[in-house]
Protein chains: 2
Amino acid sequence: MTEGRRERADAARNRHAILLATEELLARHRPEQISMEQVAAAAGVGKGTVFHRFGNRMGLMRALMAERALALHEAVTTGPPPLGPGAPSRERLLAFLDAVVDVVARNKGLLAALGHAVTTAHKPEEDPRSAHPVYQFWHDHITSLISQERSDLDAELLAHILLATLHSDPILRLLEQGDGQRLADSLRTLVTALLNASAGRTEPRNSRHPNAPQR
Amino acid sequence: MTEGRRERADAARNRHAILLATEELLARHRPEQISMEQVAAAAGVGKGTVFHRFGNRMGLMRALMAERALALHEAVTTGPPPLGPGAPSRERLLAFLDAVVDVVARNKGLLAALGHAVTTAHKPEEDPRSAHPVYQFWHDHITSLISQERSDLDAELLAHILLATLHSDPILRLLEQGDGQRLADSLRTLVTALLNASAGRTEPRNSRHPNAPQR
DNA sequence: ACCGTACTGGACCGTCGGTCCAGTTGTCCA
DNA sequence: TGGACAACTGGACCGACGGTCCAGTACGGT
């Protein structure tokens, strides 16, 4: 981050102001209709400053998201069980999903703002590999917990499925109406059922569309 | 559709050309970077025509999606089991999910193009109620099948969760690489586990985690 | 054949993401 | 303390895009 120099005081102040302004706008307006100019104006800085600090719209959203997710990140890596290390994987997983729903519920618009772009670099093939760090972390964590508990499952894919929930508009809508608990409950049900399922129980690869690629 | 007059021949021709051009562009380029002008040019019509027929970007995507989903719609409502009526709900559900994955896999970019907007009217509070008809239908169908099999579950929410899968960028990426079978398998596993789970097994509404990180 | 109208298409508009660069200001070092 | 230098600032500017408008076109009914 800070290579060599420290961050200049005014820069830090403006950076904070921009993030704050974005937060407020996000809380009040639909995320896809807040413009960078609006953000700049609301923060009381020039547009150039915003772009200088955050590169582009996505960068701004990423930074904001990263900040919001920080507490959770710490709770998971160094906090007490069941979120932190120490509890059995199953408990950690359930606790983590609860916590993630919580974060998302408190940041309704933000996830939507990131949108699909969360994991995508959209410019002329930048590096299609790198996902949003927050997503990356969440996904890795869930993957690891699932596979610890059930090594026979496709943990990685299932983690994507679970997280996909949080990008869904109808579900975001529910969250807006305060139905976070309902979502958390269903997620618990789902995961519990998954972890309890007997291993060979699901019918294996049936022959799909003939020209569907294998793997 | 055709109230009173028939659709003019040239209009039909152009409409088809536009849809076709959109398809091709969608297949070649990232969906968020194809512009309406491009579509118009590729279809060999003026921009006005495109807007006249489809209203706006979303309308175009909707129309295309509706067309793509038509076959599935018919298979479900009037086709033979297990997709159509007649088979037990569980079989129908599994078959339907397979089929949906198939449709999505064959239309990679399209879902992403619709994006979150699938269910949202974005203009100044138009009618936040109405979802994309295709989504609506898929959701209703899944909800109904789940609740027939397991009336104790929150079928509606679970249906949203299952469908959310298809809007996820990482998963769309997998689909692009031909991993449709892998996704279908995991979905089957998930649903089977869910339907098999013993009723009271999942811990009921615990009072969210006390040490969930704040803010 | 001819009339009314639905359809057409390109000029046009306002907005927005992003760039640029000249001026400013914080920080380091002597 | 002061000077030099780079980092930061911010607003003018640009190209692109979604969407509107409307004069002209040509389809289809009669």
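So you know, we letter chains A, B, ... as the sequences are listed, proteins then strands, and number each from 1.
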Expected string for nucleotides 19-25 of chain C under the B/S/- scheme (protein heavy atoms, under 4.0 Å, primed atoms plus P, OP1, OP2 as sugar-phosphate) is BB----B
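- Pairing each heavy atom of B:Leu145 with each of B:Ser89, the nearest pair is O-CB, 3.8 Å.
- Listed by first and then second residue, the ring pair (Phe, Tyr, Trp, His ring centres under 6.0 Å) pairs involving residues 15-67 of chain B amount to none (not counting sequence neighbours).
- For the OP1/OP2 pair of D:dG10 and a distance below 4.0 Å, the side-chain nitrogens and oxygens of A:Thr49 include at least one atom meeting the criterion.
- Taking A:Asn14 as the reference, nothing meets the side chain to side chain donor-acceptor pair (under 3.5 Å) condition, with sequence neighbours excluded.
- Residues from residues 34-44 of chain A lying near DNA chain D, meaning a heavy-atom separation below 4.0 Å, are absent.
- Within the 3.5 Å criterion, the main-chain N or O of A:Leu162 finds a donor-acceptor partner in the side chain of A:Thr165.
- Atom CG of B:Leu60 is separated from atom C1' of D:dG19 by 14 Å (rounded to the nearest Å).
- Regarding A:Phe54, its CZ atom lies at a distance of 12 Å from the P atom of D:dC8, rounded to whole Å.
- Evaluation of the salt bridge (Lys or Arg N to Asp or Glu O under 4.0 Å) rule for B:Asp140 yields no partner, not counting sequence neighbours.
- For D:dC8, the OP1/OP2 oxygens have no side-chain nitrogen or oxygen of A:Asn14 closer than 4.0 Å.
- Applying the 4.0 Å criterion to OP1 and OP2 of D:dC8, one finds that A:His52 has a side-chain N or O inside that range.
- Picking from D:dC8, C:dG17, C:dT8 the nucleotide with the shortest atom distance to the side chain of A:Arg57 gives C:dG17.
- Among pairs with a residue in residues 34-45 of chain B, those fulfilling side chain to side chain donor-acceptor pair (under 3.5 Å) read B:Glu37-B:Lys47, at least two apart in sequence or across chains.
- Distances shown here put a side-chain N or O of A:Arg53 below 4.0 Å from the OP1 or OP2 atom of D:dC8.
- With rounding to whole Å, A:Arg13 atom CZ is found 10 Å from C:dG26 atom C1'.
- Closest to the side chain of B:Ala11, from the set D:dG19, C:dT8, C:dG9, is C:dT8.
- Here B:Asp10 pairs with B:Arg8 under the side chain to side chain donor-acceptor pair (under 3.5 Å) rule; sequence neighbours left out.
- Scored by the salt bridge (Lys or Arg N to Asp or Glu O under 4.0 Å) test, B:Glu67 finds no partners at all (sequence neighbours excluded).
- Taking B:Glu23 as the reference, B:Arg68 meet the salt bridge (Lys or Arg N to Asp or Glu O under 4.0 Å) condition, with sequence neighbours excluded.
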